[in-house]
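What follows is a single structure, written as structure tokens, with notes after it.
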Amino acid sequence: MEEERRFLEKYENHVLPFYGSGRFGEFPGAGGLKIRTVAFGKKQASGALVILPGKSETYLKYAEFFYDLQDLPLSLYAMDHRGMGFSERPLPDRLKTHVERFDEYVEDLSTFVDTVVKAGGYENLYLFGHSTGALIAAAYMERYPETFRAGVLCSPFFN
């Protein structure tokens, strides 16, 4: 019970304030859908880490992960995929995930990297994807092998 109380106190007093310090934004994805983003920039960063959530997840779920990574010499970036999290959906039913083409996910990531992440002028970029985010990361790295120095695919949603 004491451990749970300490966790809650740490989450409320440290994790959430750090998460709230992020820069929240959006960009127009493929077909004009609004894709929501968050960034935790560092002035002396040696690079940037892009984090891609899994299916039906949001970057909000990664608040504690961002907090745990804050001491790395990296700026942190994340985006909610189209039809998931805080990003706009192509269908009126918010419970349905839908894309016309899987490549729309890759196109959105490409726009995010080119217009938001690379604007930071980082020499080294890294990619972390979980589940569906890992599948999108793999497709992106196959198409653009020179963008990221390394990628981590956590529980990739491969067949």
Side-chain angles (χ1 to χ4, degrees), residues 7 10-12 14-30 33-90 94 97-99 102-158:
F7 172 78
K10 183 176 182 180
Y11 199 83
E12 289 175 344
H14 299 282
V15 174
L16 290 179
F18 176 78
Y19 178 77
S21 74
R23 287 188 334 267
F24 297 86
E26 65 183 45
F27 67 91
L33 283 183
K34 290 179 188 169
I35 306 300
R36 308 282 188 206
T37 66
V38 64
F40 301 90
K42 280 194 169 171
K43 289 186 171 125
Q44 302 300 324
S46 64
L49 173 64
V50 176
I51 298 166
L52 302 177
K55 182 182 182 300
S56 300
E57 291 182 341
T58 172
Y59 50 69
L60 174 59
K61 178 181 176 181
Y62 291 77
E64 188 175 3
F65 189 53
F66 297 132
Y67 177 81
D68 289 343
L69 297 178
Q70 70 178 311
D71 291 332
L72 292 176
L74 301 171
S75 291
L76 307 172
Y77 291 83
M79 61 178 267
D80 279 350
H81 306 294
R82 62 181 45 242
M84 300 181 208
F86 296 107
S87 288
E88 195 170 17
R89 284 143 171 77
R94 293 194 52 82
T97 302
H98 173 79
V99 289
F102 183 83
D103 267 357
E104 291 175 332
Y105 291 126
V106 179
E107 291 166 16
D108 291 344
L109 176 56
S110 180
T111 299
F112 180 52
V113 169
D114 291 344
T115 64
V116 178
V117 179
K118 287 184 178 178
Y122 306 103
E123 187 174 323
N124 300 306
L125 300 179
Y126 304 93
L127 186 58
F128 173 90
H130 171 67
S131 186
T132 299
L135 180 59
I136 296 165
Y140 179 95
M141 290 187 296
E142 181 179 40
R143 185 175 299 165
Y144 306 103
E146 302 301 319
T147 302
F148 292 100
R149 288 186 58 106
V152 174
L153 307 179
C154 176
S155 301
F157 187 54
F158 295 157

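Below, each value reflects all heavy atoms present in this structure, side chains not excepted, and no hydrogens, waters or symmetry copies.
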(request) May I have the step-by-step check of side-chain contact (heavy atoms from CB on, under 4.5 Å) for Leu74 and Lys42, ending in yes or no? (result) CA-CA 7 Å; Leu74 301 171; Lys42 280 194 169 171; over 6 Å; no
(request) In sequence, state the C-alpha distance, the side-chain angles, and the governing distance for Arg143 and Leu109, and then conclude on side-chain contact (heavy atoms from CB on, under 4.5 Å). (result) CA-CA 12 Å; Arg143 185 175 299 165; Leu109 176 56; over 6 Å; no
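Side chain of His81 to backbone of Pro53: a donor-acceptor contact under 3.5 angstrom is found. Checking side-chain atoms of Asp80 against main-chain N and O of Phe86 turns up a donor-acceptor pair under 3.5 Å.
In this structure, CG on Asp103 lies 10.5 Å from OG on Ser110, to the nearest 0.5 angstrom. Note that the CG atom of Leu16 and the NE2 atom of His14 stand 11.0 Å from one another [nearest 0.5 Å]. Here Ile35 contributes atom CD1 and Met79 contributes atom CE; the two are 5.5 Å apart, rounded to the nearest 0.5 Å. The distance from atom CG of Leu72 to atom CZ of Phe40, rounded to the nearest 0.5 Å, is 13.5 Å. In this structure, CZ in Arg89 is found 11.5 Å from CZ in Arg82, a value given to the nearest 0.5 Å.
Nearest approach of Gly29 to Asp108, heavy atoms of both residues: CA-OD1, 3.2 Å. Residues Ser155 and His130 approach most closely at CB-CE1, 4.0 Å, considering heavy atoms. Closest heavy-atom contact between Thr58 and Gly85: CB-CA, 3.6 Å. When every heavy atom of Pro90 is checked against every heavy atom of Gly83, the shortest pair comes out as CD-CA, 4.3 Å. When all heavy atoms of Ala30 and Glu107 are compared, the pair lying nearest together is CB-OE1, 3.4 Å. Shown here for Ser75 and Gly41, the closest heavy-atom pair between the two residues is OG-CA, 3.4 Å.
Looking at Tyr144 and Val113, their side chains never come closer than 4.5 Å, going by heavy atoms from C-beta outward. Looking only at side-chain heavy atoms (C-beta outward), Leu153 and Met141 come within less than 4.5 Å of each other. Contact annotation: the side chain of Pro156 never approaches that of Leu135 to less than 4.5 Å [non-hydrogen atoms, C-beta and beyond].
Between Tyr59 and Tyr77, the ring centre distance reaches or exceeds 6.0 Å.
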Using distance only, find each side-chain donor-acceptor pair of residues 60-69 under 3.5 Å and give its atom names and separation, not counting sequence neighbours.
{"unit_1": "Lys61", "atom_1": "NZ", "unit_2": "Glu57", "atom_2": "OE2", "d": "2.6"}
{"unit_1": "Tyr62", "atom_1": "OH", "unit_2": "Glu57", "atom_2": "OE1", "d": "2.6"}

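Counting heavy atoms of neighbouring residues, nucleotides and ligands inside a 6.0 Å radius, atom NZ of Lys10 does not exceed 12 of them. No more than 12 heavy-atom neighbours from other residues, nucleotides or ligands sit within 6.0 angstrom of CZ on Phe157.
In summary, of the residues considered (Phe128, Tyr126, Phe112), a side chain to side chain contact (heavy atoms under 4.5 Å, CB included) with Val50 occurs for Phe112 alone.
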